[in-house]
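Please read the structure below before turning to the comments.
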Amino acid sequence: MRALLDLLLTQVRLQKETRLMDVGIRQGMIVYLAPSGGADVPEALMVEQGYEGMLLPGFVEPHIHLEKAYLLSRMEQEAASLQDAIQMTADMKHGFTKEDMAARSMAVIREAVRCGVTHMRCHAEVDPILGLSAFEAAMELKEKVKHALDLQIVVFPQEGISKSPGTAELMEEAMRLGGDVVGGITYQDSDLDAHLQFVFDLAEKYGKPIDLHADFSDNPEQLAISDIASRTIAAGMQGLVSAGHVTSLGSLERGQAVKVAELIKEAGLHIMSLPATDLYINGRGDQEKQRRGLTPICLLREKGVNVVIGVNNVRNPFTPFGKADPLETAWLLAVTAYMGGEADARHLIEMVTGGAARALGIQQYGLQIGAQADMVLFSVPTERDILLDKPEQRTVWKHGVKVAETRVAGSLQGLL
Ligand SMILES: [Zn+2]
């Protein structure tokens with residue numbers, strides 16, 4: 001006799017599958033996958049009807065700042081530039097306490113989980129202002145929320161490394177204490193080579209991947225991404241290095257941009273587009289022919305680069321908008337990167353699921369036998385519907401256990 005399933009989810013639609021499917025889960029893993037209505041469906045302790053809605057693997061949020069979310073009520077004015085946003089936030093950081101950071105971070109995580117996020121990579125700031133307090137708050141949260149969300153922590157020098165003495169030692173200490181990823185920021189220190197050397201050396205010492213904030217500008221001469229790619233190849237770290245923003249590439253003349261995109265592909269870099277922040281901050285100096293300020297998504301994808309999408313900031317000087325819903329960010333990119341077709345919708349959903357999972361090196365991800373049962377169920381049937389509707393109604397499972405369910409109450413029947 002076959003072992004009982006813990007959960008059988010019936011009549012769901014999966015990506016790249018035209019038939020309705022049943023999905024069986026045991027001990028947090030997907031162990032059964034077959035067309036609905038089969039004669040030999042295993043018994044389950046619990047059966048849930050999917051009502052022909054689409055089931056996706058849990059969303060992966062690849063780039064977010066938790067401890068500086070929800071700062072609007074503390075701001076007296078809007079930031080006028082990137083350096084302005086960095087300075088305003090640095091000033092506010094003097095008032096951050098560990099409890100305050102933990103509470104705002106938890107608010108973001110709660111919303112992300114409700115939206116279907118089951119994996120997240122956050123950048124915890126490590127510098128002489130905060131010391132290790134943001135990193136420690138993130139480490140505590142990581143443990144506290146692990147039943148609902150896997151959290152990776154990037155050790156992030158927002159204020160620069162050489163520009164902010166003491167940061168190098170703090171980064172080293174955070175990696176020793178269990179940081180998952182070495183961070184960096186190419187536009188904060190004047191000596192790019194020394195900055196990258198430190199980041200790559202630290203990653204090698206602890207055997208960890210790298211995730212850099214890079215080229216957040218619309219100045220085509222700012223091209224640290226080429227140095228990052230060359231170093232990645234030299235270090236044999238292809239596939240283990242990510243770069244966020246990379247917007248100056250969008251201002252580069254096409255022929256040169258093609259060459260850089262090919263180098264990015266060769267280095268296996270994962271490019272993280274952060275459209276809400278990029279669109280809000282970049283292009284401001286253009287008095288005419290104002291640029292959008294995004295990285296060239298379509299060119300990079302054409303060259304085979306793994307491009308993913310991150311929320312980045314939630315309601316702070318860098319981005320006084322937003323919430324932790326990957327679909328909101330994907331929709332924004334769809335509009336601004338000319339991605340309006342049906343195939344584009346599938347690509348955008350891939351960018352916040354499988355593509356982001358590859359960038360974060362997540363194992364056993366996806367909806368196949370042997371994968372972890374991290375899933376989000378929608379009431380609509382296609383990826384394009386999911387992107388366009390951004391439906392409120394979602395059911396989220398982590399390791400096969402339901403962790404969030406949003407139902408839309410009421411009906412307009414009889415009223416219309
Ligand atoms: Zn960021």
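This is a predicted model, so every value here is computed, not measured. Counting starts at 1 for both ligands and their atoms, in listed order.
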| said: If the cut-off is 2.8 Å, does any N/O/S atom of His123 fall short of it from the Zn ion (ligand 1)? | reply: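 Given the 2.8 Å cut-off, His123 does not count as a ligand of the Zn ion (ligand 1).
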| task | Please determine if the Zn ion (ligand 1) has an N/O/S atom from Asn312 lying under 2.8 Å away. | result |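 Of the N, O and S atoms in Asn312, at least one lies under 2.8 Å from the Zn ion (ligand 1), which means yes.
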| Quick one: does Arg315's side chain have a donor or acceptor within less than 3.5 Å of a partner on Leu72's backbone? |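 Such a contact is absent between Arg315 side chain and Leu72 backbone.
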| query | In His65, the N, O or S atom nearest to the Zn ion (ligand 1) is which? | reply |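 It is NE2 of His65.
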| query | Can you tell if the side chain of Arg104 reaches within under 4.5 Å of the side chain of Leu71, non-hydrogen atoms only? | reply |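 Answer yes - side chains close enough.
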| If you count the non-hydrogen atoms of other residues, nucleotides and ligands that lie under 6.0 Å from CD in Glu204, is the total more than 12? |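 Count not over threshold, so no.
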| field | Between Ser36 and Asp22, a side-chain donor and acceptor under 3.5 Å | value |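 The answer is yes; a qualifying pair exists.
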